Each structure stands twice: as C-alpha cells, then as structure tokens.
Amino acid sequence: MRRRTVTAGSLEEILRATEPATAPAPAPAPPTAPSAGAPARREEHALRTEFEFELPRGYVDEAGTLHRHGSMRLATARDELRPQIDLRVKENPAYLSVVLLSQVITRLGTVTDVHAGVVERMYATDVAFLQDFYRRVNSEGHTRAAVTCPHCEGAFEVDLSGGRLGES
C-alpha cells in the first residue's frame, strides 16, 4: 500500500473537491393553519447547565456580609478528575468535596471568585446542603425531591434550590 503525502496546496484542492454541491434554497412554503387533529409542536428546551440555590445558614465573608443565594454549574469530567491530583486531597481525602464544590459554584451572593478557602469557611450545614445539591443536579438532573407530609401523609415535591424562607 502506498502512502500519500498531502501538502498545504493539495489539502485545499481536496477540501474544494469534497465540498458538497450547493443547491438552490427552496422557496418558502406558504403559511398554513394547523389542522385540528394535528398535535401542537412542542418547543425544545435547551440543556440547563446552571442552578440557583439558597444556603440554609449562609456564608459570612471577611467584611461580615451574609451571602445566601448562589449558583452552581453542572460538573464536567475534568471537575471530577482534577481533585484526584490535588495534594490537599491526597493528604486528606475528605477535602475532595471542598475542592470539587469550589470548582462548580459560580457565584455566592456578590462573591464571584469562589475558591477552596471560601468553602472551608462555610458552616457544616451549608456544605452538607451543597454536597446534596451537587449530587442531585449532576446525577438526577434536577433539584426537586419527593417528600411526604408526616401529618397527612400527602406526597408532593419540593425544590431544593430554595426560594422564600421555609421552602428549601
């Protein structure tokens, strides 16, 4: 079998030769009224990659400002692999969640540079909330949880991302 060497000049020729032929654009169809029996066209929704949340207690920064509202993005494979080579995680495997959360939290109140030091200074209840939020968003794709009322035993869903007080 012979190998063929492609130079810059012949590459352009190959690309031009393999280009699909351009066909004239078809004339637009006249608008028609939808028939009564035809189902309505459902609008496609884009993938949601960022989720808002409200911390149970809130993060207090160096100036004493309380930050409760934030957003978290979906994790990538790189986000989950990067902590594995972090020396802090190698020394203490429990630090993995701190590093991972610091990579996917995009905003916390007015704080936009969320790093491991910020997550370290959060209250334990907020870190536990964020770990559960991360799990729900990245494995289940939503922030809703099915719950049952202990009094009436009625089943309903709550959104863990929060809203008004008492709703998260």
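All values derive from a computational prediction rather than experimental measurement. Throughout, numbering of the chain's residues begins at 1 and tracks the sequence.
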- prompt: Can you tell which of V118, L130, L96 makes a side chain to side chain contact (heavy atoms under 4.5 Å, CB included) with L101?
  reply: L130
message: Exactly one of I105, N138, V137, D79 should register a side chain to side chain contact (heavy atoms under 4.5 Å, CB included) with R73. Which one does?
response: D79
- request: Kindly say whether G58 contributes a backbone atom to a donor-acceptor pair with the side chain of D126 at under 3.5 angstrom?
  value: yes
- prompt: Just by distance, do the side chain of R68 and the backbone of P56 share a donor-acceptor pair under 3.5 Å?
  reply: yes
Is there side-chain contact between [X] and [Y], with heavy atoms separated by less than 4.5 Å?
X    : Y    : value
L108 : M122 : yes
T110 : H67  : yes
V111 : V114 : yes
L55  : H69  : no
E120 : Y95  : yes
V89  : V98  : no
Y123 : Y59  : no

For S71, side-chain contact (heavy atoms from CB on, under 4.5 Å) partners two or more places apart: E50, E52, T106, R107
query: Taking only residues two or more places apart in sequence, or in another chain, which ones meet A63 in a side-chain contact (heavy atoms from CB on, under 4.5 Å)?
result: D61, T65
message: For R57, I'd like to know if atom CZ has over 12 heavy atoms of other residues, nucleotides or ligands within 6.0 Å.
response: no
Separation between [atom1] of [X] and [atom2] of [Y], rounded to the nearest 0.5 Å:
X    : Y    : atom1 : atom2 : answer
Y134 : M72  : OH    : CE    : 8.5 Å
Q103 : E80  : CD    : CD    : 9.5 Å
S102 : D113 : OG    : CG    : 10.0 Å

field: Side-chain ion pair, K90 and D86, N-O less than 4.0 Å
entry: no
query: So R82 and V99, side chain to side chain contact (heavy atoms under 4.5 Å, CB included) or not? Walk me through it.
result: CA-CA 9 Å; R82 188 176 294 154; V99 174; 5.9 Å; no
- prompt: Step by step, would you call E153 with T148 a side-chain hydrogen bond (donor to acceptor under 3.5 Å, both in side chains)?
  reply: CA-CA 6 Å; E153 297 182 8; T148 304; over 6 Å; no
